[in-house]
Amino acid sequence: MPTEVAPGITRLGNEIVNFYLVEDGDGVTLVDAGLPAFRSQVDEVLAGRRVDAVILTHGHTDHVGVAEGLRRDGAKVWIHAADAAMARDGIEQKTEGNLGGYLRYRATWKLLGMAVRSGGVRRPKIAEVTEFGDGEVLDVPGHPLVVHTPGHSNGHVVFQFADRGVLMAGDALCTWNPLTGRPGPQLMPRAFASSMSEAQASLSRLERIDAGIVLPGHGDPWTDGVATLVARSREASLS
Ligand SMILES: [Zn+2]
């Protein structure tokens, strides 16, 4: 169910994966792109308007689903240079772990079932992407600042919407673990990560960003500020 989670920002997706629609005057930016089956949700919220830009925190399958369809409808799709080959050509990055060790968790089975039902098993390739780098302010509605936070993937970034006090965290951390079902602030599980040590190091980059509201790729919004969220994530054990 689409919900407004900050001024002009709507949470989309389901109980397992989030993406967000940002309105700025007449302009619309989508932050991440969920799974292919979520397209009808986007259209409902848009009510006839167009998406100008789709900006991706990273190239994983559960974050790019509706991007190619929106691109064909005229949106420009943006991603960090280090994840561009994954999004455009389907070239996977090595991960530190695999799903095998998580099959004892009910949440893992739910995630796999959802992926099957929502078109998330085969990666939908994006025919054309525009690359960005660390520190850029993107010329898209909302004008977010890009902060490179590698670890979950090589080209993972977070987006700061400074004038709204909002940080889009992607999978740099989460407030609910989509594989173990454990609630609360924590790093995303090893099964999906390019490098857990880099993901841990990236928390220091996150920590320097000033934002009251943090919107993650998995789990509920965090409204107690970046510093507390990062501190709590550091205390949580890795999964
Ligand atoms: Zn994810």
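For the single chain, residues carry numbers from 1 onward in sequence order. Worth knowing before you read on, the calculation uses all heavy atoms, side chains too, and leaves out hydrogens, waters and symmetry mates. First listed ligand is number 1; within each ligand, the first listed atom is number 1.
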Shortest-distance N, O or S atom of Asp171 relative to the Zn ion (ligand 1) = OD2
Has His58 got an N/O/S atom less than 2.8 Å from the Zn ion (ligand 1)?
-> no
Side-chain heavy atoms of Val54 within contact of Asp32, under 4.5 Å = no
With the Zn ion (ligand 1) as the reference point, give the N/O/S atom of His218 that is nearest.
-> NE2
Is the distance between the ring centroids of His80 and His58 less than 6.0 Å?
-> no
Should the pair Lys76-Glu128 be classified as a salt bridge under the 4.0 Å nitrogen-to-oxygen rule?
-> no
Any chance the rings of His63 and His152 have centres within less than 6.0 Å?
-> no
Check Asp62 and report its N/O/S atom nearest to the Zn ion (ligand 1), by atom name.
-> OD2
